[in-house]
Amino acid sequence: MAKIFYDSDTDLSLLKGKKVGVIGFGSQGHAHALNLHDSGVEVAVGLYPGSKSWSAVQASGLKVGTVDDVSRDSDIIMILVPDQVQKQVYDDHIAPYLTPGKTLMFAHGFNIHFGRIQAPEGVDVSMIAPKGPGHLVRRVYTEGGGVPGLVAIHQDASETALQTALAYGKGIGAARSGILMTTFLEETETDLFGEQAILCGGLTQMILNAFETLIEAGYQPESAYFETFHEVKLIVDLMYEGGMAKMRDSISDTAEYGDYTRGPRVSPPSQKAEMKKILEEIQSGQFAREWILENQAGQPHFRALRRRGAEHMIEQVGGEVRKMMGWLNPGKK
Ligand code: NAD
Ligand code: MG
């Protein structure tokens, strides 16, 4: 069984007297910084000069400085800028201040696992990766809970890297739900695979295929949206609460029969074969090389894909349909 750490296995007092620098104030950055601050940890946020987030950090009562200043002053530095810019930010603004005894932390293993960032000896390198988007990491914490997380140690110069990382995990609330022990390799490869094969890539493409099938057959776009997009969350919520069994208990027998007999046709063995290829591209470093090159070229393909995604009819239809849903628009009738 995997090792899981909870609040009682972790000691927040290990961060007493230590300064934590959170680099970046985006999805993860704002959540980590605010949660740590509310847990009583001394936090400063590092931004590039001129960043839009400067006033937002100040308004939330946290210290803010340039990445250089915060890296110089911090004992623990958590890098929460996008993965594709981490190497440059690290090389220019963090590495010069990594003196022995400091801790360098990540929320995803990409740059360490693929060898983009190599920290000096004498520095601890660890990961606390919440298994949820940053806005949830913040919201669940303020409600008294925590989004579960992963912990991994790449370099243990102090021989206390794990306890320090777990204290950080407790500070952001993750230990309230559990922090699972993993490695940088396992976190990086499974995280990339999950987002490509199912969570993001797999799911969005399946929704689009189903939506387009109904539209091309002449059904109303609003009906197609409800059936192929809106209801996905309702079904996933049931599976999340009680497994596939709870979902199948709650749907009609007709739906359950269709599930068993048609599902395997939509996702035939060829789909799994393709997933294996995608996993191999991750394991071999081919995907990482492709993404690094795309960034070096200024993201032309990525930007085109992003534009095409935003222009799809399902987004316009969804925007209109969601206006009708009072519970998605608090304060509006
Ligand atoms: P983000 O894109 O939301 O935020 C990035 C922040 O970095 C912003 O504040 C931006 O202004 C700043 N930034 C961008 N370029 C910069 C530069 N050159 N110098 C300094 N600051 C710069 O990023 P994110 O999604 O929070 O991802 C941060 C890390 O967390 C990544 O390693 C990611 O893999 C990991 N992670 C993200 C999520 C998630 O839900 N978004 C979940 C788990 C792990
Ligand atoms: Mg992920």
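For ligands, and for the atoms within them, numbers begin at 1 and follow the listed sequence.
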Within the 4.0 Å heavy-atom cut-off, what Q86 brings close to ligand 1 is side chain
Ligand 1 atoms in contact with G134 (distance to a heavy atom under 4.0 Å) = 40 (O)
Does the separation of the ring centres of H32 and Y168 fall below 6.0 angstrom?
-> yes
Co-membership, hydrophobic cluster, residues V266 and Y257, 4.5 Å side-chain = no
Would you confirm whether K102, through its side chain, and S71, through its main-chain N or O, come within 3.5 Å as a donor-acceptor pair?
-> yes
Below 6.0 angstrom between ring centroids: does that apply to H154 and H113?
-> no
If hydrogens are left out, which of F110, F106, W54, F25 has an atom nearest to atom 9 (O) of ligand 1, that is, the closest non-hydrogen atom?
-> F25
P130: numbered ligand 1 atoms lying under 4.0 Å from its heavy atoms = 43 (C)
Could you list the atoms of ligand 1 found under 4.0 angstrom from a heavy atom of G26?
-> 3 (O), 4 (O), 6 (C), 8 (C), 9 (O)
Go through ligand 1 atom by atom and flag the ones less than 4.0 Å from a non-hydrogen atom of D83.
-> 31 (C), 32 (O), 33 (C), 34 (O)
Which ligand 1 atoms, with their elements, are less than 4.0 angstrom from a heavy-atom of V89?
-> 17 (C), 18 (N), 19 (N)
Below 4.0 angstrom from a heavy atom of G132, which ligand 1 atoms are there? Numbered from 1 as shown, please.
-> 40 (O), 42 (C)
Main-chain N/O of A161 paired with D156 side-chain donor or acceptor, under 3.5 Å = yes
Centroid-to-centroid, F302 to W291, below 6.0 Å?
-> yes
Which is it for V81 and ligand 1 at heavy atoms under 4.0 Å: side chain, backbone, both or neither?
-> both
At a 4.0 Å threshold, what atoms of ligand 1 neighbour a non-hydrogen atom of P133?
-> 40 (O)
Taking the six-membered ring for Trp, are F106 and F184 parallel (under 30°), tilted (30 to 60°) or perpendicular (over 60°)?
-> perpendicular
If you measure from each heavy atom of L47 to ligand 1, is any distance below 4.0 Å?
-> no
